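From a predicted model like this one, the values you see are computed outputs, not experimental measurements.
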Amino acid sequence: MADASSLDALVDALRRLPGVGVKSASRMAFHLLQHDREGAQLLARALQQAAGNVRHCERCNTFTEAPVCSVCLDTRRDAGKLCVVETPADQAALERTGVFRGYYFVLMGKLSPLDGIGPKDIGLQKLFDRALDGTVSEVILATNFTAEGEATAHVIGEALRQRGLNVTRLARGVPAGSELEYVDLGTIAHALVDRR
């Protein structure tokens, strides 16, 4: 394929997506070009528009097209509760439950010294300013249960507790509908320790 530079550029662009290797990217590129040119144009326009219009909420740091997102503008929410998550995807997952009615702060990452990501890289000062604005009574740490997520939760929790705030951590346990024999040992151990 002598004239494949556009195709190669498309494959390289698709490889930027998480979990997409050369084969998957090639398959997507060939599918779009062979079977769904209209879908390819739609995807290109949507990406262009999102890249140009989506920014960070001035208040919680999530993605929005407005200066302040719709969640932060919702006055029916409990201003005393602030839930800290790693990504907008984590926030969206919590929102889909319909259970949490407070506000959020999205870190846009997690502490990872091995990758050179420190407190300034994930905006901890902005979080502390928000948490200590006088309206927040409880900060709920909902970072992921990875080593980096746990370290991030620990650093944030210690800093906010020293400033007199009530800090809680998202609970861990056995998933609803599961059978104990198929649950990993770490989850069972945490469920026993965190039982209520």
* ILVMFWY network linking Leu170 to Phe100, side-chain heavy atoms under 4.5 angstrom -> no
* Asked: Is the side chain of Thr152 donor-acceptor paired with the backbone N or O of Leu111 at a distance under 3.5 Å, no angle test?
  -> yes
* To do: Go through the steps to decide whether Tyr104 and Val71 satisfy the test side chain to side chain contact (heavy atoms under 4.5 Å, CB included), and finish with yes or no.
  => CA-CA 8 Å; Tyr104 295 93; Val71 172; 3.9 Å; yes
* Got a sec, which residues hit side-chain contact (heavy atoms from CB on, under 4.5 Å) with Arg76, two or more places apart in sequence or on another chain? -> Asp74
* Asked: So, for Gly123 and Phe105, which heavy atoms are closest and what is the spacing to 0.1 Å?
  -> O-CZ, 3.9 Å
* Would you mind listing every side-chain hydrogen bond (donor to acceptor under 3.5 Å, both in side chains) that reaches into residues 10-22, with sequence neighbours excluded? => none
* **side-chain contact (heavy atoms from CB on, under 4.5 Å) against Asp184, all qualifying residues, sequence neighbours excluded** => Thr187
Show every donor-acceptor pair shorter than 3.5 Å between a side-chain atom in residues 23-42 and any protein atom, with sequence neighbours excluded, or say none if there are none.
unit_1 : atom_1 : unit_2 : atom_2 : d
Ser26  : OG     : Val22  : O      : 2.9
Asp36  : OD1    : Gly39  : N      : 2.8
Arg37  : NE     : Leu33  : O      : 2.8

* Nearest-0.5 Å distance, CD of residue Gln91 to SG of residue Cys69 -> 6.0 Å
* Asked: Can you list the residues that meet the side-chain hydrogen bond (donor to acceptor under 3.5 Å, both in side chains) rule with Thr64, with sequence neighbours excluded?
  -> none
* **Qualifying salt bridge (Lys or Arg N to Asp or Glu O under 4.0 Å) pairs, either residue in residues 44-72, two or more places apart** => none
* **side-chain contact (heavy atoms from CB on, under 4.5 Å) against His56, all qualifying residues, sequence neighbours excluded** => Asn61, Phe63, Met108
* To do: Any chance you could pull the hydrophobic cluster mates of Leu114, using side-chain heavy atoms under 4.5 angstrom and chaining through other members?
  => none
* Structure fact -> Those residues at least two apart in sequence (or on a different chain) that pass side-chain contact (heavy atoms from CB on, under 4.5 Å) with Ile188 are Leu180, Val183, Leu192
* Checking Arg172 side chain against Ala189 main chain: does a donor-acceptor pair fall under 3.5 Å? -> no
* **same_hphob_cluster(Ile122, Leu132) at 4.5 Å side-chain heavy-atom cutoff** => yes
* Heavy-atom closest pair, residues Gly116 and Asp121 -> O-OD2, 3.3 Å
* Asked: Which atoms form the tightest heavy-atom contact between Asp78 and Tyr103, and what is the distance?
  -> O-CD1, 3.8 Å
* Arg130 vs Cys60, side chain to side chain contact (heavy atoms under 4.5 Å, CB included): CA-CA, chis, key distance, verdict -> CA-CA 8 Å; Arg130 171 88 186 274; Cys60 75; 3.8 Å; yes
* To do: Kindly compute the distance separating CD (Gln48) from CG (Leu43), expressed to the nearest 0.5 Å.
  => 11.5 Å
* Asked: Honestly curious: do Leu10 and Val20 fall in one hydrophobic cluster under the side-chain, below-4.5 Å linking rule?
  -> yes
* Who pairs with Glu181 by side-chain hydrogen bond (donor to acceptor under 3.5 Å, both in side chains), at least two apart in sequence or on another chain? -> none
* Kindly write out the residues that satisfy salt bridge (Lys or Arg N to Asp or Glu O under 4.0 Å) with Arg96, not counting sequence neighbours, or none if the list is empty. => none
* Separation of Leu127 CG from Leu82 CG (nearest 0.5 Å) -> 6.5 Å
* Polar side chain donor-acceptor pair, Asp90 to Thr87, under 3.5 angstrom -> yes
* In terms of hydrophobic clusters joined by side-chain contacts under 4.5 Å, are Leu107 and Leu165 together? -> yes
Residues 134-148 side chain polar contacts: donor-acceptor under 3.5 Å, at least two apart:
unit_1 : atom_1 : unit_2 : atom_2 : d
Thr135 : OG1    : Asp133 : OD1    : 2.7
Thr135 : OG1    : Asp133 : OD2    : 3.4
Ser137 : OG     : Gly80  : O      : 3.1
Glu138 : OE1    : Lys81  : NZ     : 3.2
Glu138 : OE2    : Thr168 : OG1    : 2.8
Thr143 : OG1    : Gly149 : O      : 2.9
Thr143 : OG1    : Arg169 : NH1    : 3.1
Thr143 : OG1    : Arg169 : NH2    : 3.3
Asn144 : ND2    : Glu86  : OE1    : 3.0
Thr146 : OG1    : Gly149 : N      : 3.0

* To do: Return yes when atom CD of Glu158 has more than 12 non-hydrogen atoms of other residues, nucleotides or ligands closer than 6.0 Å, and no otherwise.
  => yes
